[in-house]
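Position 1 is the first residue of the sequence, and the numbers go up from there. Given the structure is predicted, the values throughout are model-derived calculations rather than measurements.
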Amino acid sequence: MERKQKAATESAILLAIIAAIFVALNVVSYLGVYARVDATENERYKLSDGSKKLVRSLKKGTLTVEAYVTRGLPQLDAFVRDLRDLLQEYKTAAPDTFTFKIIEATTEEEKKAAEEAGLEKIEFGEANATDQAKGAVASGYMGLVFKYGSEKKNLPAVAPGQEGVEFWISNKIREVRDIVEDRKTKVGTMSGHDEIKISEPNLVAGQQASVEAIVKQNFPFYDFSEVDLHNGDTAVPDDLAGLIITQPNKDWTEKELRRIDEFVLKGKSVVILAGAVNIKSGDATMNATLSTHGLEKLTEGYGIEMHKDAVLDYKAPFGGMIPIPQMGTAVNLPPNPSVLLLGDDARYSGNTRLIDDSFNGFFRLKQVVVPLASSLTVLDEK
């Protein structure tokens, strides 16, 4: 039982690290283009500024989206209307570089075109509101094909009720744009301090799954490279859009921190996914030590004081069944006060909010999971 609880706790931490890496990439990518899932009810199909900026950035002609849809059920009809309105917002934002077609595949020719584009035929079911024993079924396509220059990509299936439609559309647009225009967003991951690496296959015991592999599979326009400053003798490469600093196990030197500061002063991004709580990899006892490894010197210069402590939340411990979509399984997590679940809460506002969804990394997110957190103080005078 001890081993199971330890494995579950480690899984919780790793899952939270995955989420944090995605947050980091959203912050870094905001320098070029930004798109995030719209998960709020009142803005579910309102186009974000980042998505508008994306379609306006197209330089190789017009990008065309062919939306194959199925109608005939109330939920399907409502979803198709919302999808059409969302695509119209893209077109309104960039009428010269974006266009779309809504195609209900009823003829054999249209069905063949959908199949050749790689779309999946789906069976849609809808319950009767007054009689659960009765319902209706429809069969067809609900997917998108993106054509830009000589490149063609698809979203094989989207469905009514699916959150993040804008997120996936914008990321697919960005994927075809970057292929045709030969673009890459280069992100550096710091090394040389025994960090937790995003390239390590440490997500699920016994399986070769890493954060880097999952990100590259879903977001191929990111190009990762490790950056070793060699005790400060080497500068951070100028071609990087940003840096990700993960939890170190060795101290940073003053010279290394100056190199990072030089990089920031060029207008680049740095994301720190680290705190004062340190646990050695493979330590079955899960004993922690407290050390900021010198990172507090860097953050304090930007007005953020990192404390050598651990934040525990005993009133709302994190636990329950957490699904791992890539693995098709779930992890049963015991209550763990060292894993913080921060979500939108109507009881709080302004500076007392648990999560600020106006921040690029948390844009329109309902909640964020933070493992092994340390407290921070914002230094207003800086």
Side-chain angles (χ1 to χ4, degrees), residues 25-26 29 32-38 44-71 76-77 79-122 124 139-160 162-185 215-223:
L25 291 173
N26 276 300
S29 70
V33 59
Y34 176 73
R36 269 303 297 175
V37 52
D38 182 347
R44 185 164 184 168
Y45 294 98
K46 181 180 178 182
L47 199 65
S48 69
D49 290 339
S51 291
K52 295 175 184 177
K53 183 178 179 183
L54 170 62
V55 288
R56 290 168 183 160
S57 73
L58 299 169
K59 299 185 183 304
K60 298 285 187 178
T62 300
L63 184 145
T64 301
V65 175
E66 295 177 347
Y68 286 82
V69 303
T70 299
R71 295 185 174 96
L76 289 179
D77 294 346
F79 181 74
V80 172
R81 285 195 301 271
D82 289 335
L83 179 61
R84 181 198 59 211
D85 292 345
L86 178 62
L87 292 173
Q88 182 59 50
E89 287 207 41
Y90 280 96
K91 183 174 176 60
T92 300
D96 296 330
T97 56
F98 183 92
T99 189
F100 72 95
K101 303 175 185 176
I102 300 291
I103 304 170
E104 189 171 4
T106 55
T107 68
E108 290 302 317
E109 184 180 356
E110 289 169 336
K111 292 176 182 178
K112 183 180 178 182
E115 296 284 348
E116 290 177 347
L119 302 189
E120 300 173 0
K121 195 170 185 178
I122 306 172
F124 299 96
S139 177
Y141 303 94
M142 194 72 79
L144 296 94
V145 181
F146 300 78
K147 297 179 179 179
Y148 183 52
S150 59
E151 195 63 31
K152 182 165 73 172
K153 295 287 182 180
N154 68 32
L155 283 176
V158 292
Q162 178 178 335
E163 290 188 343
V165 174
E166 178 195 343
F167 174 75
W168 293 110
I169 289 176
S170 288
N171 275 290
K172 193 60 66 173
I173 292 172
R174 184 174 177 182
E175 182 180 344
V176 295
R177 181 204 70 175
D178 287 6
I179 292 172
V180 172
E181 298 182 11
D182 193 26
R183 298 192 191 193
K184 275 283 187 182
T185 299
V215 172
K216 283 185 175 180
Q217 179 182 343
N218 291 284
F219 311 102
F221 39 79
Y222 286 118
D223 189 11

J.: Can you confirm whether more than 12 heavy atoms, excluding those of Lys101, are under 6.0 Å from its NZ atom?
T.: no
J.: Before accepting this row, confirm whether a basic side-chain N of the pair Lys172/Glu175 lies closer than 4.0 Å to the acidic partner's carboxylate O.
T.: yes
J.: Where is the tightest heavy-atom contact between Leu47 and Ala93, given as atom of each residue plus distance?
T.: CD2-CB, 4.5 Å
J.: Go through it in stages, so that I can follow the logic: the residues are Lys59 and Glu181, the test is salt bridge (charged side-chain N to carboxylate O under 4.0 Å, His left out), and I'd like the CA-CA distance, side-chain angles, deciding distance and then a yes or no.
T.: CA-CA 8 Å; Lys59 299 185 183 304; Glu181 298 182 11; over 6 Å; no
J.: Kindly give the heavy-atom pair with the smallest separation between Phe79 and Pro160, and that separation in Å.
T.: CD1-CA, 3.6 Å
J.: Strictly under 6.0 Å, is that where the ring centroids of Phe167 and Phe219 end up?
T.: yes
J.: Is there a donor-acceptor contact under 3.5 Å linking the side chains of Tyr90 and Ser170?
T.: yes
J.: May I ask you to test the Val145-Leu119 pair for a side-chain heavy-atom distance under 4.5 Å?
T.: yes
J.: Mind listing the closest non-hydrogen atom pair of Lys111 and Ala105 along with its distance?
T.: CE-O, 3.7 Å
J.: Measure the shortest side-chain to side-chain distance between Ile169 and Leu83 over non-hydrogen atoms and say whether it is less than 4.5 angstrom.
T.: yes
J.: Just so I know, are the side chains of Arg177 and Leu63 near enough to count as touching, which here means a heavy-atom distance under 4.5 Å?
T.: no
J.: Between Leu144 and Asn154, is any pair of side-chain heavy atoms under 4.5 Å apart?
T.: no
J.: Just checking, is any N or O donor in the side chain of Arg56 or Thr97 under 3.5 Å from an acceptor N or O on the other one?
T.: no
J.: Answer whether the closest heavy-atom distance between the side chains of Leu76 and Val69 falls below 4.5 Å.
T.: no
J.: Hey, does Phe100 have a side-chain heavy atom less than 4.5 Å from the side chain of Arg84?
T.: yes
J.: Is there a side-chain contact between Ile173 and Val55 in this structure, where contact means two heavy atoms from C-beta onward sitting under 4.5 Å apart?
T.: yes
J.: Examine the side chains of Thr70 and Glu104 and answer whether a donor and an acceptor come within less than 3.5 Å of each other.
T.: no
J.: Does a side chain donor of either Tyr141 or Glu115 reach within less than 3.5 Å of an acceptor in the other side chain?
T.: yes
J.: Can you give me the closest heavy-atom contact between Phe221 and Asp178, atom names plus distance?
T.: CB-OD2, 3.1 Å
J.: Are the side chain of Lys184 and the backbone of Pro220 linked by a donor-acceptor contact shorter than 3.5 Å?
T.: yes
J.: Taking the side chain as every heavy atom from C-beta outward, state whether Tyr148 and Lys153 have any atom pair closer than 4.5 Å.
T.: no
J.: Say whether, by atom type as modelled, one donor and one acceptor occur between the side chain of Thr62 and the main chain of Asp96 under 3.5 angstrom.
T.: yes
